[in-house]
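Reading through the structure tokens given below for one structure.
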Amino acid sequence: MAEKWIYWFDELRTTDNDMVGKKCANLGEMVHLGMRVPPGFAISVDGYEQFMETTGAGAEVRKYLEQNQDDLVNKVDKQIEASRFIRGVIESRPMPPDMIQELWSHYDRLCEQTICEDVPVAARSSGAVSMPGQMETYLNVCGKKNLADKVVQVWGSAFTTRAIAFRLEQGMALDKAPIGVAVLKMIEARCAGVTLTVLPTTGDLSKIVVEGNWGLGESVVSGEITPDSFVIDKQSGEIVSTIGDKTKMVVYKDTGTCIINVPEDQQTCACLVKEEIEEIVRIAKMVEAHFDTPQDMEWVIAPDPPFPDNIYWVQTRPAKFSQKKEDTAEYLAELMTRVFKM
Amino acid sequence: MKMYDCVPGLEFDPERDFEQSPAWFLDGTHSVPPWTPMFGWFWINFCRHGMQYGAEKLSLPTVKGWDWRFMNGGGYLTLLLVNSEEEKQRREEKFRKEILPFIQDYEGLWKGYVDEILGLYENLKALDLDEATNIELLDNFEETINTCRRMWEIHMYMMYGTYTAYILFENMCRELAGIDDTSPLFHNLVSGFDNKVFQVDRRLWECSKRAQEDGLADIFLENEPANIAAALATSEKGKAFMKDFMDFMNEDGWRMQRMSEINLPTWVEDPTPALGNVKQFLLKGGDFNLDERRQQNAEKREAAEKEVLAKVPEEQRGWFEQLMRLAQKCGIFSEEHDHYLDLYTHAVMRRSALGVGRRWVKAGAIDDPEDMFFLMPDEVRRAALAPDQFNMRYIVDRRKAEWKEWQKTPNPPALLKEGFDLDQAMGVLVQSNDPIALKVVVGAMPEVRPELKADLYGTCGSPGMAEGTARVIMTEDELHLVEEGDILVAATTSPSWTPIFSMIKGVIVDRGASLSHAAIVGREYGIPVVMNVFEGTQKIKSGQRVKVDANLGTVYILDK
């Protein structure tokens, strides 16, 4: 095991995308930008490939695919069967001892850093190409043995039925799965949400929108509840707040999450205070300026430590905002200002 | 008694005015030959006001309109630039909102203003000037002043917004499709539309067809334009024709041969120029079909639209097409505004001033109604209610003598502070990014290409090639000299020249940009126009054979 295959986030940059996958590379870049991300490390695509080669799982998967590839196209039942078989092959192999050693030594360091025995972590897939929602994430993983199992399971999730179908559709090789794994400390969420440095509906670049709810960010992203919404003017800093009726929230439970009711007295209470909004906006503006394009970001506010050290960022990526037809006028107006700058 | 300046407060004062700006440009398009004092007063005051009003209402980021001065019948202008970056940003933010009405509903915006201004004209025209009391006459004149002021507000607000869109479209064509406003393909994109000026032209053409059908063609062909009306009055059919013709004049004849002056009769007073236009259509013969020509242009445009849109990346096509539609309306506005705004307002100004003038002649204050053009509004007010009490001749005589002097020596093209040269001055003009300065005043500079061995180099105002006899026309009075198939050579052209475009094969103008009159009309008539040749009227003599290739911007004098 000569090659390095585990990296701390601060060793990574965006350019390491192919080595560790998008999520990990992105977290690395965020650390370099001075954003607080949950402490943790990245397992590279090499790590996955070494596992597959040394355990012989790779050879078995290839053999299976060679025999069955032609049957898989457009046949969902065959794809389900393939997924079950391949994931079975992968998950049945224990991680080789030298890899286990390496993984555990990193986990030990993380426990030391976070001053927490058997620190609970999330093991998240990190594909080098975007494969939204196709691979698994395991939350609340505690202890070394558990971690080793879950990392293998994340690798196995490169062959979920959806991932197989996607690769077939895209004409990508079935046996190659450029998958990294992010191992991060679980952050308890007092509240969480998203921040966009552009109004997605109008494309207005002069505003930042922050949306949040109690508990984990999933409830905000999924759109199942009406979150609190804060629209901030980038120049003046003026905040326009719309407090949502937040009846439900998402919390961690075992190795997953569940939805619970928000206590009645908190439902119409703003989940963020002014100083937190201002800190979120400060970081968001800095990140947007760094990438020179509007950002779509996810944050979590932990119950402790005290502000501002309790604000964690878990994601930033270029924002998608449509130039809708009714916005063409504003877009043209914006272009017309250029006439005066020639 | 101390006599006022022609334009009190806005007469050019070298000592003060060079302190404000080192360069003042002569408005050669509108104030050559020099204006009468009254017209100068109206123009300097209200064109100036309108530009500042338009720039302020739109919150143009870099320019606050133009300042104007009057000198010896010439209008001199300089730009009012926004100085600080901070202010530019503040203005830009507001501009984004203020420009939206142009993008969202251009036609509605323009139609609203046309209706407003036509309403003002109707009010003025409703008064029978010869039956009116002195009080009513003065009120009519005061309302004329207000109408002129409002006209310029609408004019410049619309023009700034419109030309901004047009320039953006040009830039985007260059960026996304690799063509600019000197390219023939670009011109095909923005032509082939109907507008009010062409509708008038078309009515004249229809009159020529009616004259033919009614057996009146010979009267037109055998008489000089000035005698046609009298000759028509000798027959019943001719009388009926003239009655309908004058109804048409009362609707659409509120214009004079010179766009920016009030000392020539309107078509309503004297339809001679319009009858001359009918005669020109008759001379072209029966097979000439104005509609067919326009249709061909529309087809060319549709083909050009397809070609250009195909070059634009698909995800950009949506807004690009909307911008293209907007830019196409710019050409329509450029022609129509002359009809509804400048020409019409100046015609009602003339009407009102002459109404007062006739009363004053009767009362003995002046000798000729047209002497009013040598007075200013304050002097009109002085004698308006009791004209029999005043003798205004001493003012008229002195101003008329001055005006005659102004005609003898041309005004200098620019007034420059010592140590400041024309190139520097032009640089300031370009840096302002003022849309009107760029599209009407400066234009693109011609590229001299020695390998083409041309006698003159200009830019393409309207694509095409033509060869013919040169006809150098310096003023509207000479328009009747133009013959079928000529190549018109002029310093610049104005909307009242439009009808001769159906006779000529090409145009060469000394100055002009892509939204100048000659370019727009040339495109609509599908004839080549070479612009910005600077010395065409000096180098070319009437009668010489010339060849123009507008696509290359070249002019060849074939028999030197």
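Numbers restart at 1 for each chain; the letters A, B, ... are given by sequence-line order, proteins then strands. Because the structure is predicted, anything quoted here is derived from the model rather than measured.
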- Query: If we only count heavy atoms from C-beta on, is the A/M336 to B/L58 side-chain gap below 4.5 Å?
  - Reply: no
- Note on the structure: Scored by heavy-atom pairs under 4.5 Å with chain A, the best of B/I99, B/T164, B/L326 is B/T164
- Item | Close side-chain approach of B/N171 to A/R338, heavy-atom, < 4.5 Å | no
- Query: What distance do B/R96 atom CZ and A/L335 atom CG have between them, rounded to the nearest 0.5 Å?
  - Reply: 10.5 Å
- Minimal heavy-atom distance between A/F340 and B/N433, with the atoms involved, is O-ND2, 3.1 Å
- If one checks every heavy atom of B/E93 against chain A at 4.5 Å, the contacting part turns out to be side chain
- Might you point out which heavy atoms bring A/A333 and B/L100 nearest each other, and give the distance in Å? CB-CD2, 4.0 Å
- Measure B/L168 against the heavy atoms of chain A and call it side chain, backbone, both or neither at under 4.5 Å. both
- Drop me the distance from A/L332's CG to B/M172's CE, to the nearest 0.5 angstrom. 9.0 Å
- Item | Contacting region of B/L323 [heavy-atom separation from chain A under 4.5 Å] | both
- Message: Nearest 0.5 Å, please: how far is CZ in B/R91 from OG1 in A/T337?
- Response: 14.0 Å
